[in-house]
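Letters A, B, ... are given to chains in the order of the sequence lines, protein chains preceding strands, and every chain is numbered from 1.
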Number of protein chains: 2
Amino acid sequence: MPPPPTPSSEGTGRGAKSARTRRRVVDAAAHVLVRRGYAGTRLSDVAEVAQVQAPAIYYYFSSRDELIEEAVAVGLARARTLVEEALAEANGSPLDRLRVAVAAHLSTLLTHSDHARGAIRTVPQLPESMRARHRQAERDYIDIWRGLVADARAAGEIDRDLEPGVALMVVLGALNWTAEWWDPERGSLEGVIATAQRLVVDGLSADRS
Amino acid sequence: MPPPPTPSSEGTGRGAKSARTRRRVVDAAAHVLVRRGYAGTRLSDVAEVAQVQAPAIYYYFSSRDELIEEAVAVGLARARTLVEEALAEANGSPLDRLRVAVAAHLSTLLTHSDHARGAIRTVPQLPESMRARHRQAERDYIDIWRGLVADARAAGEIDRDLEPGVALMVVLGALNWTAEWWDPERGSLEGVIATAQRLVVDGLSADRS
DNA sequence: GCGGTGGTCTAATCTAGATTAGAAGAAGTG
DNA sequence: CACTTCTTCTAATCTAGATTAGACCACCGC
C-alpha cells in the first residue's frame with residue numbers, strides 16, 4: 001500500500017526522503033509528458049528521468065494513469081497559483097491586470113519547470129474519463145480569465161463587438177501555443193511576453209481604427 | 001509490394017476502387033490522429049474507421065509510421081492549398097489579405113475534414129526523425145504568413161514595435177489552438193472567424209491607443 | 001470457364017511495456 | 001546489536017497491438 005502523500009512531510013525528518021523521491025517521480029512524469037504526450041509517456045522513461053527503477057513507481061502510485069493524473073493536476077494547480085499570486089499584487093486598470101496575467105501565464109508556461117507545460121499540452125489528449133476529473137480545475141483557471149475580461153468589459157475597455165467567451169479562448173490559445181514553438185534561443189522570454197501583451201491588449205481593446 | 005499511389009487513378013477504371021480504399025485509410029488515420037495523438041493512434045482503430053481489417057493497411061503502407069506520415073503530409077498540404085487559393089482571389093490591402101488568410105485557416109482547420117486538424121495537432125508530437133521530414137512543409141506554410149505580415153508591415157499597417165516573427169507565431173497559435181476547444185455547439189464558425197479576425201488585425205494594427 | 005493479378009481476410013507471431021512477486025538494502029527504534 | 005518498517009531492486013508475468021504468413025475471393029483478359 002503506497003503511503004499517503006503526507007501534505008506536510010516536506011522539509012526534513014519523518015519520510016522526508018520518501019517525499020522527495022515521490023516528487024522527483026512526478027516531476028519526471030511532467031517532463032516526459034511535455035515531450036511525448038499522454039499515450040507516449042512510458043513508465044520506463046519516467047523512471048529513467050527520476051533515477052529509479054520502473055517498478056519503484058508503484059510504491060507511490062498504483063498505476064501509470066494515476067501518476068499522470070497527479071502530474072497534470074499539479075501542473076494545473078501551479079499555473080493557477082502563479083497567476084493568482086501575480087494578480088494579487090497587481091493594481092491598476094482591468095487591462096493592466098490582463099497584461100499581468102498574460103505575463104504570469106507565459107512565464108509559468110515557458111520557464112517554470114515542465115509542470116504547467118505538461119498539463120496544458122496533455123489535457124486535450126487525455127482519455128475522456130480522466131479528463132473529466134480535471135475539468136473543474138480547468139474551469140476554475142479559465143474563470144479567473146473570464147473575470148478579468150468581464151471587468152475590462154464593464155470598464156468599457158473592451159471592444160463591445162467581441163464575443164467575450166470566444167475572444168478569451170482565442171487569447172488563451174495564443175498563449176498556450178507558445179509552448180509548442182518557443183525556445184530560449186528563439187528570442188528572450190521578455191520579448192515574447194511583451195509581444196503577446198501588446199497583441200492581446202490591442203486586440204481586445206475598445207479603441208479601434 | 002504496395003501499388004504505387006498512382007496520382008491519376010482517381011475517377012473510375014483501373015485501380016479506382018483501390019485508390020478509394022487507400023484514401024479511406026488515410027482519412028481514417030487523420031480522424032484517429034485528431035483524437036488520440038501520435039502515440040495513441042492504433043492501427044486497429046484506423047482500420048475500424050476505414051472499414052477494413054487491420055492487416056489490409058499493410059497492403060498500402062509498409063508500416064504504421066508510414067501511414068501516419070502520409071496523413072500528416074496530406075493535412076499540411078491541404079491547409080496550405082486552401083489558404084493559397086483563398087489568397088489568390090483576394091485583392092485588397094495587406095491587412096485585408098491577412099483577414100482572408102485567417103478565415104481560410106480557421107475554416108480549413110475546423111471544418112474541412114480532419115486532415116488539417118490532425119496534421120496541426122500531431123506535428124508537435126512526432127518523433128524528431130519523422131518531424132524533420134515535414135519541417136520543410138511547415139516552413140513553406142509559415143512562409144506564406146510571413147509574407148503577409150511583411151507586406152502589411154511594409155505598407156505601414158503594422159505596429160513597428162512588434163517583433164514580426166514572434167507576433168506571427170502568437171497569431172498562428174491563437175488560430176491553431178481553436179482546434180482544441182471549438183466545437184459547432186459552442187458558437188458558429190463564422191462567429192469564431194469574425195472574432196479572430198478582429199483580434200488579429202487590431203492586435204497587429206499600427207494605430208494604437 | 002481458366003490463369004492471373006489485385007485486394008482483403010483469418011490466424012499466427014513477436015515485442016514493448018505495464019504490472020506483480022518476492023528478495024533484499026537502508027534507517028530508525030528499542 | 002536484533003527487530004521492524006520503509007524503500008527499492010531484480011526477475012517474472014501478461015497483454016495489447018504491430019507486423020507477417022498464407023489462404024481466399026473477385027474481377028479481368030482471353
Atom pair OH (A:Y59) and OG (A:S18), whose distance is rounded to the nearest 0.5 Å: 5.5 Å
Side chain of [X] only, please: which of [options] is the nearest?
| X | options | value |
| --- | --- | --- |
| B:A56 | C:dA18, D:dT10, C:dC9 | C:dC9 |
| B:Y60 | C:dG7, D:dT7, D:dT19 | C:dG7 |
| A:V52 | C:dG7, D:dT8, D:dT10 | D:dT8 |

Side-chain N or O of B:S44 versus OP1/OP2 of D:dG17: is the shortest distance under 4.0 Å? no
Side-chain N or O of A:T21 less than 4.0 angstrom from OP1 or OP2 on D:dT8? yes
Gap between atoms [atom1] and [atom2], on [X] and [N] respectively (whole Å):
| X | N | atom1 | atom2 | answer |
| --- | --- | --- | --- | --- |
| A:R24 | D:dT7 | CZ | P | 13 Å |
| B:R42 | C:dG17 | CZ | C1' | 15 Å |
| A:Y59 | C:dG22 | OH | C1' | 16 Å |
| B:Y58 | C:dA11 | OH | C1' | 16 Å |
| A:R36 | C:dG17 | CZ | P | 10 Å |
| B:D65 | D:dG17 | CG | P | 16 Å |
| A:L67 | C:dA18 | CG | C1' | 13 Å |
| B:R64 | D:dG17 | CZ | P | 11 Å |

Hey, mind stepping through B:H105 and B:Y141 against ring-ring contact (aromatic ring centres under 6.0 Å, His included) and telling me if it holds? CA-CA 11 Å; B:H105 184 93; B:Y141 185 63; 5.7 Å; yes
Is it the case that the side chains of A:H31 and A:D45 hold a donor-acceptor pair, with the cut-off being a distance below 3.5 Å and no angle test? no
Would B:R135 and B:E128 pass as an ion pair if we require N to O under 4.0 Å? yes
